Amino acid sequence: MAKQNKGRKFFAASATAALVASAIVPVASAAQVNDYNKISGYAKEAVQSLVDAGVIQGDTNGNFNPLNTVTRAQAAEIFTKALELEADGDVNFSDVKKGAWYYNSIAAVVANGIFEGVSANEFAPNKSLTRSEAAKVLVDAFGLEGSESLSQFADASQVKPWAKTALETAVANGIFTGSEENGKLNLKPNAAITRQDFAVVFARTLDLVDTETPVDAAIKAINNTTVEVTFDEEVENVQALDFKIDGLEIKNASVKQSNKKL
């Protein structure tokens, strides 16, 4: 049975998807970072799961640097790896040069509507990502829904208007829970998010949307590496991570227009 992950955000019009599948390959042995013991206890599992998946990695010395902040470029790379995004066209930001390690990742997240520039001409790749910005990109990228009042947080008044809806959704889904200081629960919406905290909220989001909803679909084998899946209802923006076919590992997905069915 073909399954479509619940909670993912889709954009494009639908049609027939050719899902390129291959035999399942063994999972590589768990990766590790040198400073794993410096990661706070609450974040270790999330960090390790993302390291094992190849979504995040250490620096050139093999250190994760858990208390360092996440830059916009680093966040773009994490999204690109986790969602298997591909760059589409060139980047038109003056501060994102071809050849930079983050060029393709930024091109991919911008093309997929996950990130925007800080202005029409700048992306600010080295700028630290704030907790509010992290909430917004996670909610937008995965199409999360729901809302919960932020009144439980002592610093709710510090939430900027553009971030309010995203944070309400992130809190409602348990992505952001706040931290207690001096007997008060704080969200710290405008603080830069650390690498370990970004790993935690990213892993929580992946766990949340990993729930799979079976859908009716007709599956036709095209050859020994390709199957064609036709859904009864229109769906949008097909990616390999959106689907699972029992017994197969989907490596790629392409779309063909066919009567608004996929």
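Keep in mind that this is a model prediction, so the values were computed, not measured.
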Exercise. Backbone N or O of Glu145 within a donor-acceptor pair of the Asn173 side chain at under 3.5 Å?
Worked result: yes

Exercise. Does the side chain of Leu129 reach to within under 4.5 Å of the side chain of Thr71, using non-hydrogen atoms?
Worked result: no

Exercise. What pairs of residues pass the salt bridge (Lys or Arg N to Asp or Glu O under 4.0 Å) test when at least one of them lies in residues 177-189, not counting sequence neighbours?
Worked result: Glu181-Lys188

Problem set entry | Spacing of CZ belonging to Arg72 relative to CD belonging to Glu133, to within rounding of 0.5 Å | 6.0 Å

Exercise. Can Ser151 and Ser149 be counted as having a side-chain donor-acceptor contact under 3.5 angstrom?
Worked result: yes

Problem set entry | Derivation and outcome, side-chain contact (heavy atoms from CB on, under 4.5 Å), residues Val91 and Val110 | CA-CA 8 Å; Val91 174; Val110 170; over 6 Å; no

Problem set entry | Least distance between heavy atoms, Thr177 atom then Gly174 atom | CG2-O, 4.0 Å

Exercise. Which class fits the ring pair Phe115 and Phe123: parallel under 30°, tilted 30 to 60°, perpendicular over 60°?
Worked result: tilted

Exercise. Do Gln74 and Tyr102 get their side chains close enough for a donor-acceptor pair, meaning under 3.5 Å?
Worked result: no

Exercise. Is there a side-chain contact between Val47 and Pro66 (heavy atoms, below 4.5 Å)?
Worked result: no

For this session: Following the transitive rule for hydrophobic clusters with a side-chain heavy-atom cut-off under 4.5 Å over Ile, Leu, Val, Met, Phe, Trp and Tyr, establish whether Phe176 and Leu208 coincide in one cluster.
Result: yes

Exercise. Could you walk me through whether Lys127 and Glu122 pass the salt bridge (charged side-chain N to carboxylate O under 4.0 Å, His left out) check?
Worked result: CA-CA 11 Å; Lys127 180 179 179 292; Glu122 294 183 329; over 6 Å; no

Exercise. So, are Glu116 and Lys136 salt-bridged, with charged N and O less than 4.0 Å apart?
Worked result: no

For this session: Working to the nearest 0.5 Å, report the span between OG1 of Thr80 and CD of Glu77.
Result: 7.5 Å

Exercise. Linking I/L/V/M/F/W/Y whenever any side-chain heavy atoms sit under 4.5 Å apart, do Val137 and Leu206 land together?
Worked result: yes

Seminar exercise, completed: Tightest non-hydrogen contact, residues Leu85 and Ala108, listed as CB-CB, 3.9 Å

Exercise. Just checking, any donor-acceptor pair under 3.5 angstrom between side chains of Asp197 and Tyr42?
Worked result: yes

For this session: Ignoring hydrogens and angles, tell me if any N or O in the side chain of Arg131 forms a donor-acceptor pair with the backbone of Leu187 under 3.5 Å.
Result: yes

Exercise. With respect to Phe79, which candidate in Val109, Val55, Asn112 satisfies the side chain to side chain contact (heavy atoms under 4.5 Å, CB included) definition?
Worked result: Val109

Exercise. Sub-3.5 Å donor-acceptor pair from the side chain of Gln158 to the main-chain atoms of Pro189, do we have one?
Worked result: no

Exercise. Closest heavy-atom contact between Ala75 and Phe198?
Worked result: CB-CZ, 4.1 Å

Exercise. For the residue pair Asp95 and Ala124, what are the closest heavy atoms and their distance?
Worked result: OD2-N, 2.7 Å

Exercise. Got a donor-acceptor contact below 3.5 angstrom from the Asp35 side chain to the Asn63 backbone?
Worked result: no

Exercise. Counting only N and O atoms by type, is there a donor-acceptor contact under 3.5 Å from the side chain of Thr169 to the main-chain atoms of Gly146?
Worked result: yes

For this session: Report the C-alpha separation of Ile114 and Leu83 in whole Å, then their side-chain angles, then the decisive distance to 0.1 Å, and conclude whether the side-chain contact (heavy atoms from CB on, under 4.5 Å) test is met.
Result: CA-CA 11 Å; Ile114 296 174; Leu83 304 183; 4.0 Å; yes

For this session: Taking atom types as modelled, find out whether Asn65 and Asp59 have a side-chain donor-acceptor pair closer than 3.5 angstrom.
Result: yes

Problem set entry | Interatomic spacing from CG in Leu50 to CD in Gln57 - rounded to 0.5 Å | 12.0 Å

Seminar exercise, completed: d(Ile175 CD1, Leu144 CG) to nearest 0.5 Å is 6.0 Å

Problem set entry | Reported CD-to-CG distance for the pair Gln152 and Asn186, which is rounded to 0.5 angstrom | 11.0 Å

Problem set entry | Lys164 atom NZ: more than 12 heavy-atom contacts under 6.0 Å | no

For this session: Give a yes or no on whether Trp162 and Val159 share a hydrophobic cluster (residues Ile, Leu, Val, Met, Phe, Trp, Tyr; joining criterion: side-chain heavy atoms under 4.5 Å apart).
Result: no

For this session: Check for a donor-acceptor pair, side chain of Ser94 on one end and backbone N or O of Asn121 on the other, with a separation under 3.5 Å.
Result: yes

Exercise. Taking all non-hydrogen atoms of both residues, which atom of Gly178 and which atom of Phe153 are closest, and how far apart?
Worked result: CA-CE2, 3.8 Å

For this session: Report the distance from atom CD1 of Ile193 to atom OG1 of Thr130, rounding to the nearest 0.5 Å.
Result: 8.5 Å

Exercise. Would Arg195 count as a cation-pi partner of Phe64, with NZ or CZ less than 6.0 Å from the six-membered ring centre and within 45° of the ring normal?
Worked result: yes

Problem set entry | Stepwise side-chain contact (heavy atoms from CB on, under 4.5 Å) test for Val70 and Phe202 | CA-CA 12 Å; Val70 172; Phe202 199 93; over 6 Å; no

For this session: Go through the steps to decide whether Leu150 and Leu167 satisfy the test side-chain contact (heavy atoms from CB on, under 4.5 Å), and finish with yes or no.
Result: CA-CA 8 Å; Leu150 303 180; Leu167 282 168; 4.1 Å; yes

Exercise. Does the side chain of Ser147 reach to within under 4.5 Å of the side chain of Thr165, using non-hydrogen atoms?
Worked result: no

